[in-house]
Amino acid sequence: MGTTTTWGRKTGVTDRDLPFQGLILDFAGVLTDGVDSAHRTWCQAQGLAESAWETTLEDHPEGRELYKALESGRMTQTEWNRRTAALLGIADHQNLMGQAWAAVRPAMGMITLARAARQAGCALALLSNSFGLDPYDPYRQLGVWDLFDVTVISEHEGIAKPDPAIYRTVLDRLGLPGSACVFVDDRHDNLAPAAELGITTVHADGHDTTLAHLAQLLNLPTARH
């Protein structure tokens, strides 16, 4: 079993000069800032309830099924835009995903840490449940594609987190055992399958201490005093 850490507390981690060889990062909520506020602001601008985006994608039965089809590559983003706009009651479905994500910002602190980890010798992998790549490519738009040695995107694999197979895929492409890797995700249900493979998991809960904690776990210079 892997270990799970939360900010300000570590469990089962020992001090080593090179504690990990691989850093695996989720995208939304890890490499992004302001997702929830951007979606709320966009909803209000459309005359919708500020929670409409979240509730349609997460709680609405049809909306959830459409999003799962998008994640696994069974539906194009263009088709998803059209059908989800209809659920939201919005006439303009052109680039719906891009509209809702327009104000989301890259998490520059995490991006800087990822670059430092790579420079220190960690292999970097992106493990992300896709929300489509065309017409709106969130990874390119927020400038994170070039960070990674390995990219595993659910749309390309036909499976999505928390399916254990997608975690095995990222380990295979890194050429590393789970025990050599750290995985950062903002959703608890995405962490357990990684831990089952021996990966040390970190819950990205959005606290200000996130970067210092992760740097300390990875034994990066920024964590030393």
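Quick note: numbers below take in every heavy atom, side chains included, and nothing from hydrogens, waters or symmetry partners.
Summarising the geometry of Asp186 relative to Val30, their closest heavy-atom pair is N-CG2, 4.0 Å, with the distance given to 0.1 Å. Nearest heavy-atom pair, Ala125 versus Phe148, reported as atom, atom and distance to 0.1 Å: C-CD2, 3.3 Å. The minimum heavy-atom distance between Asn190 and Phe183, with the atom names listed, is O-CE2, 3.4 Å. Among all heavy-atom pairs drawn from Leu96 and Trp80, the shortest one is CD2-CZ3, 4.0 Å. Taking both residues in full, the closest heavy atoms of Cys43 and Ala49 are given as CB-O, 3.4 Å, listed atom of the first, atom of the second, then distance. Of all non-hydrogen atoms in Leu25 and Ala114, the two that sit nearest each other are CD1-CB, 4.0 Å.
With contacts defined as side-chain heavy-atom distances shorter than 4.5 Å, the pair Leu31/Leu142 does not qualify. Using a 4.5 Å heavy-atom cutoff, the side chains of Leu197 and Pro164 are not in contact. Thr210 places none of its side-chain heavy atoms less than 4.5 Å from the side chain of Val184. You'll find the side chain of Gln77 reaches within 4.5 Å of the side chain of Leu70, heavy atoms only. Side-chain contact check for Tyr139 versus Thr151: every heavy-atom pair is 4.5 Å or farther apart. With contacts defined as side-chain heavy-atom distances shorter than 4.5 Å, the pair Phe27/Ser130 does not qualify. Within the 4.5 Å cutoff, side-chain heavy atoms of Ile153 are placed close to those of Leu126. By the 4.5 Å heavy-atom criterion applied to side chains, Met110 and Leu211 are counted as neighbours.
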With side chain to side chain contact (heavy atoms under 4.5 Å, CB included) as the criterion, how do Thr56 and Leu66 come out once you've worked through the C-alpha distance, each side chain's angles and the decisive distance to 0.1 Å? CA-CA 10 Å; Thr56 300; Leu66 291 175; over 6 Å; no
Can you list the steps and then say if Tyr167 with Val152 is a side chain to side chain contact (heavy atoms under 4.5 Å, CB included)? CA-CA 9 Å; Tyr167 301 86; Val152 177; over 6 Å; no
Would Asn81 and Tyr136 count as a side chain to side chain contact (heavy atoms under 4.5 Å, CB included) here? Give the steps. CA-CA 10 Å; Asn81 286 340; Tyr136 177 72; over 6 Å; no
Between Val144 and Ile111, does the side chain to side chain contact (heavy atoms under 4.5 Å, CB included) criterion hold? Intermediate values first, please. CA-CA 8 Å; Val144 302; Ile111 289 171; 4.0 Å; yes
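Atom OG1 of Thr209 and atom CD of Gln216 lie 10.5 Å apart (nearest 0.5 Å). Residue Thr169 holds its OG1 atom at 5.5 Å from CD of Glu157, rounded to the nearest 0.5 Å. Note that OG1 of Thr32 is 13.0 Å distant from CD of Gln141, once rounded to the nearest 0.5 Å. In this structure, CH2 in Trp101 is found 13.0 Å from CG in Asn95, a value given to the nearest 0.5 Å. Here Ile166 contributes atom CD1 and His156 contributes atom NE2; the two are 11.0 Å apart, rounded to the nearest 0.5 Å. Summarising the geometry, atom CD belonging to Gln99 is positioned 5.0 Å from atom CG belonging to Asp92; distances are rounded to the nearest 0.5 Å.
Counting heavy atoms of neighbouring residues, nucleotides and ligands inside a 6.0 Å radius, atom CG of Asp189 exceeds 12 of them. By the neighbour-count criterion of 12 heavy atoms within 6.0 Å, atom CZ of Arg40 is densely surrounded, having more than that number from other residues, nucleotides or ligands. Open room surrounds CZ on Arg140; 12 or fewer heavy atoms of other groups in view lie less than 6.0 Å from it. Atom CD of Gln46 sits in a crowded spot, with more than 12 heavy atoms from other residues, nucleotides or ligands closer than 6.0 Å.
One finds a salt bridge joining Lys68 and Glu65 here, because a Lys/Arg side-chain nitrogen approaches an Asp/Glu carboxylate oxygen to under 4.0 Å. Checked for salt-bridge contact, Asp26 and Lys161 meet the test: a charged N lies under 4.0 Å from a carboxylate O.
Remark: the backbone N or O of Glu79 is paired with a side-chain donor or acceptor of Thr76 at under 3.5 angstrom.
The side-chain contact (heavy atoms from CB on, under 4.5 Å) test with Leu23 singles out one residue from Asp149, Leu217, Leu124, Leu174, and that residue is Leu124.
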